[in-house]
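As structure tokens, the structure follows; a few thoughts come after it.
No experiment lies behind these values; they were computed from the predicted model shown.
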Amino acid sequence: MGKMLVVAAVVLTAACDPAPPEEPEAKAVAVHTDPAPVAEEFPEVGEIVEASWVEERMGVSQGRIEAPGPSDLRLSAVVKLRPEAVSKVLTGKNCHAGAPVAPEPLKALLPVGVAWVSCELPTTTKSRTAFVAAGSEQAFLTYTTM
């Protein structure tokens, strides 16, 4: 009889354990519209008339504690340039056909049905790329810290 009481107590205790903690909600990535920070990072594209951009930390796992230390960042921006800017970007750069891969908050802002050209910009402390399309004032700019 004593063993049955011990087994019953163990079963009841196990049944009363609280549910595992819930995963923290994914933080929404803020979309910024101030063109100044993007223009500062991409001076060779000329004046940026409008911008929608996000900055993301690379390698961050959801629900995990981050290790201290520097993080790699990626900035992605959908911008409107002056009409002459696209030809300026294409001049003297290493360009080839290629479409941008935008983060979720910016996907709906990219024009569809355009022939994108990917142009590598001079590297600073960041790897920088401009995606442009002839005949369009829209561009997609991105950098990743190195």
TODO: Determine whether Val79 and Glu50 make a side-chain contact, defined as any pair of heavy atoms from C-beta on separated by less than 4.5 Å.
DONE: no
Open item on the list: Tell me the closest heavy-atom pair linking Lys107 and Ala102, and the distance in Å.
Closed with: CE-O, 3.2 Å
- [ ] Of all the heavy-atom pairs spanning Val78 and Leu109, show the shortest one and how long it is.
- [x] CG1-O, 3.8 Å
Open item on the list: Using a 3.5 Å distance criterion without hydrogens, assess whether the side chain of Ser76 forms a donor-acceptor pair with backbone atoms of Thr142.
Closed with: no
- [ ] Looking only at non-hydrogen atoms, find the nearest pair between Leu106 and Val31 and report the distance.
- [x] CD2-CG1, 4.2 Å
TODO: Using a 4.5 Å cut-off on heavy atoms from C-beta on, say whether the side chain of Leu141 contacts that of Thr129.
DONE: no
Open item on the list: Could you measure the distance from the CD atom of Glu56 to the OG1 atom of Thr144? Nearest 0.5 Å is fine.
Closed with: 9.5 Å
TODO: Answer yes or no: is there a side-chain heavy-atom contact under 4.5 Å between His96 and Val117?
DONE: no
Task: Side-chain heavy-atom pair Arg128, Thr123 within 4.5 angstrom cut-off - done: no
TODO: Rounded to the nearest 0.5 Å, what's the gap from CG on Asn94 to SG on Cys119? Could you check?
DONE: 8.0 Å
Task: Non-hydrogen side-chain atoms of Ile48 and Lys80 separated by less than 4.5 Å - done: no
Task: Closest contact, heavy atoms only, Trp116 versus Ala139 - done: CZ3-CA, 4.2 Å
Task: Note, Phe42 side chain near Leu75 side chain (heavy atom, < 4.5 Å) - done: yes
Task: From OG (Ser52) to CZ (Phe140), nearest 0.5 Å - done: 11.5 Å
Task: Rounded distance (nearest 0.5 Å) linking atom CG of Asp72 with atom CZ of Arg57 - done: 10.5 Å
Task: Stepwise side chain to side chain contact (heavy atoms under 4.5 Å, CB included) check, Thr145 with Thr125 - done: CA-CA 6 Å; Thr145 57; Thr125 58; 6.0 Å; no
TODO: Would you check if Glu120 and Ser127 make a side-chain contact, meaning some heavy-atom pair closer than 4.5 Å?
DONE: no
Open item on the list: Does this structure show an ion pair linking Lys126 with Glu41, if we count only N-O contacts that are shorter than 4.0 Å?
Closed with: yes
- [ ] Identify the two heavy atoms, one from Pro100 and one from Leu110, that lie closest to each other, and give their separation to 0.1 Å.
- [x] CG-CD1, 4.1 Å
- [ ] Measure the shortest side-chain to side-chain distance between Pro35 and Val49 over non-hydrogen atoms and say whether it is less than 4.5 angstrom.
- [x] no
Open item on the list: I'd like to know if Tyr143 and Val38 are part of one continuous hydrophobic network [Ile/Leu/Val/Met/Phe/Trp/Tyr, side-chain heavy atoms within less than 4.5 Å].
Closed with: yes
Task: Which atom of Pro37 lies closest to which atom of Trp53, heavy atoms considered - done: CG-CZ2, 3.7 Å
Task: Over 12 foreign heavy atoms within 6.0 Å of CD, Glu84 - done: yes
